[in-house]
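Scroll down for the structure; my scribbles are underneath it.
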Amino acid sequence: MKAELDELDELRRKRESLEERRERLAGLYDETERLQEMYGDLRAELRQRNVETLERMVNETFDLVYQNDSYARIELDGEYELTVYQKDGEALDPEQLSGGERALFNLSLRCAVYRLLSEGIEGTAPMPPLILDEPTVFLDSGHVSRLVDLVESMRDLGVEQIVVVSHDDELVGAADDVVRVEKDATSNRSSVVRERPQVAALE
């Protein structure tokens, strides 16, 4: 009889211990759910804040490089899709734009991302190099001049190294350093020569 009572006491202690453990786990589960919910809200808030900042920077950059007043603004949604609004309020898909306009929109978006990085890094690390591959394709001479201004503004933001691949004489003349690649038509071999631009470099 005593052995049975001792066994019952042991089982009661185990049950109480398991009950305490269950309550602790339930509290931990509730806390984890709250943390997950808080993390999700914070992530959504930070993403929205980034989208709003990036949208503002895209518009500021596009205003700098685009001389036509046909468009009112650029809108960026939560999935980072661009919508262009004309002065009359009509929305345009980027595919409806000309090749030159699309090039300017893409360039504006890339530079805006760099600006966002620059504000986020706050001087703790160097900015990565900005590489522009034939950015003047589809652009007229007026927009090429604005592109030179844009490159200078990116340097002011802390982008220390900007590599531009171009055949445009105006961009080449505005460079600090020029690396010229030429191909020999006879041997089909390329040569690389580093030189100073003949036109005064960007101040």
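The figures here come from the full heavy-atom set of this structure, side chains too, leaving out hydrogens, waters and symmetry mates.
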Any side-chain heavy-atom pair of [X] and [Y] under 4.5 Å:
{"X": "Leu82", "Y": "Glu75", "answer": "no"}
{"X": "Leu92", "Y": "Gln86", "answer": "yes"}
{"X": "Asp184", "Y": "Ser190", "answer": "no"}
{"X": "Ile74", "Y": "Glu55", "answer": "no"}
{"X": "Leu130", "Y": "Val163", "answer": "no"}
{"X": "Lys183", "Y": "Arg189", "answer": "no"}

Subject >> Residue pair Thr61 / Cys111: nearest heavy atoms and the distance that separates them >> reply: CG2-CB, 3.9 Å
Subject >> Closest approach of Leu54 to Val113 (non-hydrogen atoms, all atoms of both residues) >> reply: CD1-N, 3.7 Å
How would you list, by chain and number, every residue that makes a side-chain contact (heavy atoms from CB on, under 4.5 Å) with [X], sequence neighbours excluded?
{"X": "Thr53", "answer": "Arg56, Met57, Leu116, Glu119"}
{"X": "Ala91", "answer": "Thr83, Tyr85"}
{"X": "Arg22", "answer": "Glu19"}
{"X": "Ser17", "answer": "none"}

Original post:
Can you list the steps and then say if Leu107 with Leu147 is a side-chain contact (heavy atoms from CB on, under 4.5 Å)?
Top reply: CA-CA 9 Å; Leu107 182 62; Leu147 182 58; 3.0 Å; yes
Subject >> Interatomic distance, Glu20 atom CD to Arg15 atom CZ [nearest 0.5 angstrom] >> reply: 11.5 Å
**OP:** Rounded to the nearest 0.5 Å, what's the gap from CG on Leu76 to CD on Glu52? Could you check?
**Re:**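 Leu76 atom CG to Glu52 atom CD measures 10.5 Å (nearest 0.5 Å).
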**OP:** Without swapping roles, check the side chain of Glu195 against the backbone of Val178 for a donor-acceptor pair under 3.5 Å.
**Re:** no
Original post:
Is there a donor-acceptor pair closer than 3.5 Å between any side-chain N or O of Tyr114 and the backbone N or O of Pro129?
Top reply: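 At least one qualifying donor-acceptor pair exists.
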**OP:** Apply side-chain contact (heavy atoms from CB on, under 4.5 Å) to Arg194 and Asp177, showing your working.
**Re:** CA-CA 7 Å; Arg194 184 172 181 172; Asp177 291 286; 3.5 Å; yes
**OP:** Give a yes or no on whether a salt bridge exists between Asp63 and Arg73, defined as a side-chain N under 4.0 angstrom from a carboxylate O.
**Re:** no
**OP:** Could you tell me whether Arg13 and Glu16 make a salt bridge, using a distance below 4.0 angstrom between a side-chain N and a carboxylate O?
**Re:** no
Subject >> For Leu18, the rest of its hydrophobic cluster, which grows through side-chain links under 4.5 angstrom >> reply: none
Subject >> Members besides Val192 in its Ile/Leu/Val/Met/Phe/Trp/Tyr cluster (side-chain heavy atoms under 4.5 Å) >> reply: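 Same cluster as Val192: Val179, Val181.
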**OP:** Determine the sole option in Leu104, Asn106, Val164 for which the side-chain contact (heavy atoms from CB on, under 4.5 Å) test with Pro135 is passed.
**Re:**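 Output: one option passes, namely Val164.
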**OP:** Can you label the angle between the Phe62 ring and the Phe105 ring as parallel, tilted or perpendicular, going by 30° and 60°?
**Re:**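 Ring orientation of Phe62 relative to Phe105: parallel.
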